[in-house]
Amino acid sequence: AQSVTQLGSHVSVSEGALVLLRCNYSSSVPPYLFWYVQYPNQGLQLLLKYTTGATLVKGINGFEAEFKKSETSFHLTKPSAHMSDAAEYFCAVSYQAGTALIFGKGTTLSVSS
Amino acid sequence: DAGVIQSPRHEVTEMGQEVTLRCKPISGHNSLFWYRQTMMRGLELLIYFNNNVPIDDSGMPEDRFSAKMPNASFSTLKIQPSEPRDSAVYFCASSLPPKNYEQYFGPGTRLTVT
């Protein structure tokens with residue numbers, strides 16, 4: 001079965017520091033890749049997506065992610081963390097438009113001043 | 001534009017009672033998904049519809065769960081009878097394939113079964 005692995009259930013950074021959240025998928029077929037963010041007691045909001053084309057994709061709030069086929073990875077980064085980035089982040093994949101997303105377990109990002 | 005609308009936002013019920021969760025997808029979207037989020041299992045698909053037709057219901061836990069989509073603008077998820085282990089946050093999401101691959105999520109319904 002296809003799966004998504006997010007390394008580190010909890011990541012802590014200082015304000016202004018680099019944010020790196022890791023995501024790997026298990027598939028020989030490149031999937032469509034997504035990062036979602038969830039703030040407390042809210043739904044999931046799309047941060048960015050990769051479907052085809054440029055492997056470095058930019059999203060909202062200064063986040064970006066790079067699709068590396070050889071590493072089956074789609075890590076999320078942000079050069080400088082802000083207190084408002086504290087939330088839970090989910091990596092997800094799908095293999096066909098209109099089908100369900102397969103989610104990782106999520107990574108909680110904490111940002112300290 | 002209105003996003004995905006879910007109601008109620010919170011539901012507290014006693015074991016054995018019937019629970020109905022409601023979802024209105026984004027206008028024009030033709031795919032609708034029901035997910036459940038728990039601490040133990042994370043986010044998992046329950047069922048999804050394309051053009052109002054159920055495509056994959058393999059994630060529905062058991063016969064106590066049922067879902068319908070009578071038209072393009074409304075879906076329900078029913079649990080009868082409810083059990084404490086059904087306590088979770090239930091999300092509805094919609095999308096518009098093949099134009100868009102991403103799914104847009106509603107705010108969720110937090111269900112507590114006592």
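In what follows, chains are A, B, ... by sequence order, proteins preceding strands, each numbered from 1. Bear in mind that the values here come from a model prediction, so they are computed numbers and not experimental data.
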Chemist: For the side chain of B:Q80 and the backbone of B:E18, is there at least one donor-acceptor N/O pair under 3.5 Å apart?
Modeler: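 Confirmed, B:Q80 side chain pairs with B:E18 backbone.
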Chemist: Is it true that, when you exclude B:N71 itself, more than 12 heavy atoms of the residues, nucleotides or ligands shown sit nearer than 6.0 Å to its CG?
Modeler: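 Above 12, so yes.
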Chemist: Can you tell me how far CG of A:L56 sits from CZ of A:F67, rounded to the nearest 0.5 angstrom?
Modeler: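 So the CZ of A:F67 and the CG of A:L56 are separated by 13.0 Å.
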Chemist: Does any heavy atom of chain A fall under 4.5 Å from the side chain of B:D56, the backbone, both, or neither of them?
Modeler: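 For B:D56, neither part sits under 4.5 Å from chain A.
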Chemist: Would you please classify the geometry between the B:F105 ring and the A:F103 ring as parallel, tilted or perpendicular, with 30° and 60° separating the classes?
Modeler: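 Perpendicular.
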Chemist: Between B:Q37 and chain A, with a heavy-atom cut-off of 4.5 Å, which part of the residue counts as in contact: side chain, backbone, both or neither?
Modeler: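 Only the side chain of B:Q37 comes within 4.5 Å of chain A.
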Chemist: Need one label for A:L46: side chain, backbone, both or neither, based on atoms under 4.5 Å from any heavy atom in chain B.
Modeler: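 Side chain only.
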Chemist: Could you tell me which portion of B:M40 (side chain, backbone, both or neither) has an atom closer than 4.5 angstrom to a non-hydrogen atom of chain A?
Modeler: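 Backbone only.
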Chemist: Aromatic contact between A:Y50 and A:F34, with the criterion being ring centroids under 6.0 Å apart: yes or no?
Modeler: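 Between A:F34 and A:Y50, which both carry aromatic rings, the centre distance is not below 6.0 Å.
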Chemist: Just say parallel, tilted or perpendicular for the rings of B:F33 and B:Y35, cut-offs at 30° and 60°.
Modeler: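 Parallel.
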Chemist: Counting heavy-atom pairs under 4.5 Å to chain B, which of A:N41, A:T99, A:I102 comes out on top?
Modeler: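 Heavy-atom pair counts peak at A:T99.
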Chemist: Which atoms of A:Q45 come close to chain B, meaning under 4.5 Å heavy atom to heavy atom: side chain ones, backbone ones, both, or neither?
Modeler: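 No part of A:Q45 comes within 4.5 Å of chain B.
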Chemist: Counting heavy-atom pairs under 4.5 Å to chain A, which of B:S31, B:G42, B:P107 comes out on top?
Modeler: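 Looking at each option in turn, the highest pair count goes to B:P107.
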Chemist: Which region of B:L43, side chain (C-beta onward) or backbone (N, CA, C, O), has a non-hydrogen atom less than 4.5 Å from a non-hydrogen atom of chain A, or is it both or neither?
Modeler: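 For B:L43, backbone and side chain are both near chain A.
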Chemist: With a 3.5 Å cut-off and no angle check, do the side chains of B:T13 and B:S82 form a donor-acceptor pair?
Modeler: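 Result is no, nothing qualifies.
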Chemist: For B:R41, is it the side chain, the backbone, both, or neither that has a heavy atom closer than 4.5 Å to a heavy atom of chain A?
Modeler: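 For B:R41, the backbone is the part near chain A, not the side chain.
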